[in-house]
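In what follows, every chain begins at residue 1, and chains take the letters A, B, ... in the order their sequences are listed. As a basis for the values below, the full set of heavy atoms in this structure was taken, side chains included, without hydrogen atoms, waters or symmetry mates.
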Amino acid sequence: MRIGYPCINRGIGCTGAATFRLKSYSEERLIATVKGNLACLDAVLRYNLAHDILFFRITSDLVPFASHPVCTFDWSAHFGETLARLGEFARCHRFRLTMHPDQFVLLNSPSDDVNARSIAELLYHAEVLDAMGMGPDAKIQIHIGGAYGDREGSLARFVRRCAVLDRRIRRRLVVENDDRLFTLADCVRVSEDAGIPVVLDWFHHQVNSSGESLKEALARAAVTWGPSHGPPLVDYSSQKAGARQGSHAESIDMGDFASFLAESDPHDFDLMLEIKDKEASALKAVASARGDPRFLGKGP
DNA sequence: AATGGTCAAGTCAGC
DNA sequence: GCTGACTTGACCATT
């Protein structure tokens, strides 16, 4: 088990997700921004290594506008050496790296335009991980998408679109249950037809459940992961007290997390903590997981 | 230097 | 019909 947090480190004083307005796009601006983002990614990975946080989600903002028509710059060639060096560092230290495109990426949209933009965005994500030289365990996770008034048709459209994806995308694609429309059971069906693994989002599963206990849910998701895919990925979050069901807490609930660790035993997986205070909660979770035989790190 | 409106992109639920 | 939520921040015009 590796433990991680998404995209941003709040404590080390740099941001790897700097962007700018489309209006102010220029090649110079792009190069300067990406250069800064990569330098920060380097610093974050080093911080993470020093704290036994061996799982990290790379921000989709790493290369702003990469999939937008305005960007004709060959960023993967220009930053190829830097990306390769970062990837080598990550592999050398057994990092698990993933990416999670945002809500605009909808493989199953009935709109051809939305679909085309989504595929362009997915290809950008694949190119980042490819340029880093990451193996097929470096995943790109998305949701099934919209229902468009026809859940079954929309599930089938996802599977069809999946089948004709560029190989660079398809080998990394994984599908995650969401908090409103598509449950774990829906994702498992998609997985059987599309041949891609399922990320269990335990928090979403509690809000939009297909009925499985934690152990059952982990088992159902686990069988969708083949040997080349790496350990299963699981997303975890804490409910924000007093807020709407499904809203993410500011900080991790350590009591809940301890129960999660106990109840999930003996399943092994890499765990992404979707908590607002990022590395602060990851540090607490790592401390709590030490001593668990599943935990992957230097030890105390 | 601080602030608040706004930002490439989509969809759905709840008012 | 509009707004907020989604993994939520961060930019930048204005003061």
**Item:** Sugar-phosphate only, base, or nothing, as touched by A:S24 at under 4.0 Å among non-hydrogen atoms
**Value:** sugar-phosphate
**Item:** Pairwise C1' distance for C:dG9 and B:dC12, with rounding to whole Å
**Value:** 22 Å
**Request:** Answer with yes or no whether the side chains of A:E176 and A:H100 bring together a donor and an acceptor at under 3.5 Å.
**Result:** yes
**Message:** Using the side-chain heavy atoms of A:F20, tell me which of these nucleotides is nearest: B:dC12, C:dG9, C:dC11.
**Reply:** C:dC11
**Request:** Could you check how far NE2 of A:H100 sits from P of C:dG9, rounded to whole Å?
**Result:** 14 Å
**Prompt:** Going by distance alone, is a donor N or O of one side chain under 3.5 Å from an acceptor N or O of the other, for A:S281 and A:K276?
**Reply:** no
**Prompt:** What nucleic acid atoms does A:T15 come within less than 4.0 Å of, heavy atoms only: base, sugar-phosphate, or nothing?
**Reply:** sugar-phosphate
**Asked** Ring-on-base stacking between A:F104 and B:dG10, under 5.5 Å between centres and under 30° between planes: is it there?
**Response** no
**Nearest-Å distance for atom pair CG/P, residues A:N208 and B:dA13** = 11 Å
**Message:** Using a strict threshold of under 4.0 Å (side-chain N to carboxylate O), is an ion pair present between A:K215 and A:E263?
**Reply:** no
**Prompt:** Where each residue is assigned the nucleotide of DNA chain C containing its nearest heavy atom, which of A:P6 and A:A18 is assigned the position nearer the 5′ end?
**Reply:** A:P6
**Prompt:** Between atom CG in A:D179 and atom P in B:dT11, what is the gap in whole Å?
**Reply:** 17 Å
**Request:** Indicate the ring-plane relationship of A:H204 and A:H143, choosing parallel, tilted or perpendicular according to the 30° and 60° boundaries.
**Result:** tilted
**Message:** Nearest to the A:P110 side chain among C:dC11, B:dT11, B:dA8, which nucleotide is it?
**Reply:** B:dT11
**Prompt:** Where the side chain of A:A147 is defined as all heavy atoms beyond and including C-beta, which of C:dG9, B:dC12, B:dA9 is the nearest nucleotide?
**Reply:** B:dC12
**Request:** Please state how far atom CD in A:E274 lies from atom P in C:dA5, giving the value in whole angstrom units.
**Result:** 17 Å
**Item:** Atom P, compared across C:dT8 and C:dC12: separation rounded to whole Å
**Value:** 24 Å
**A:T19 side-chain proximity, nearest of B:dA8, C:dC11, C:dG9** = C:dC11
**Fill in**
Whole-Å distance, A:F182 CZ to B:dT11 C1', equals 11 Å
**Item:** C:dT7 phosphate, OP1 or OP2, under 4.0 Å from A:H204 side-chain N/O
**Value:** yes
**Request:** Would you classify A:S67 as touching base, sugar-phosphate or nothing, given that sugar-phosphate means primed atoms plus P, OP1 and OP2, and contacts are heavy atoms under 4.0 Å?
**Result:** base
**Prompt:** Mind checking the P distance from C:dC11 to B:dG10? Whole angstroms is fine.
**Reply:** 23 Å
**Asked** On a whole-Å scale, what distance lies between the P atoms belonging to C:dA5 and B:dG5?
**Response** 16 Å
**Message:** So A:Y148, base contact, sugar-phosphate only, or nothing? Heavy-atom distance under 4.0 Å.
**Reply:** sugar-phosphate
**Prompt:** Taking a pair as Watson-Crick or G-U wobble with both distances under 3.5 Å, which nucleotide is matched to C:dA13?
**Reply:** B:dT3
**Message:** Measuring only the P atom in each nucleotide, how far is C:dT3 from B:dC7? A whole number of Å is fine.
**Reply:** 14 Å
**Item:** Gap in Å between the two C1' atoms, one belonging to C:dG4 and one to B:dT6, rounded
**Value:** 15 Å
**Request:** Report yes if at least one side-chain N or O of A:S109 is closer than 4.0 Å to OP1 or OP2 of B:dT11; otherwise report no.
**Result:** yes
**Item:** Check ion pair A:R157-A:D150 (N to O, under 4.0 angstrom)
**Value:** no
**Asked** Picking from C:dG9, B:dA8, C:dC11, which would you name as closest to the side chain of A:L22?
**Response** B:dA8
**Message:** What is the distance, to the nearest angstrom, from the CD1 atom on A:I142 to the C1' atom on B:dG10?
**Reply:** 13 Å
**Fill in**
A:F65 CZ to B:dA9 P, in whole Å, measures 10 Å
**Message:** So for A:R21 and B:dT6, does any side-chain atom that can act as donor or acceptor lie under 3.5 Å from a complementary atom in the base?
**Reply:** yes
**Request:** Please state whether the phosphate of B:dG10, meaning OP1 or OP2, lies under 4.0 angstrom from any side-chain nitrogen or oxygen of A:R180.
**Result:** no
**Request:** Using a strict 4.0 Å threshold on nitrogen-to-oxygen distance, state whether A:R85 and A:D42 make a salt bridge.
**Result:** yes
**Request:** Figure out the CD1/P separation between A:I58 and C:dG9, and round it to whole Å.
**Result:** 18 Å
**Message:** Please verify the inter-ring angle class for A:F260 with A:F269; under 30° counts as parallel, over 60° as perpendicular, anything in between as tilted.
**Reply:** perpendicular
**Paired nucleotide for B:dA8 [Watson-Crick or G-U wobble; both distances under 3.5 Å]** = none
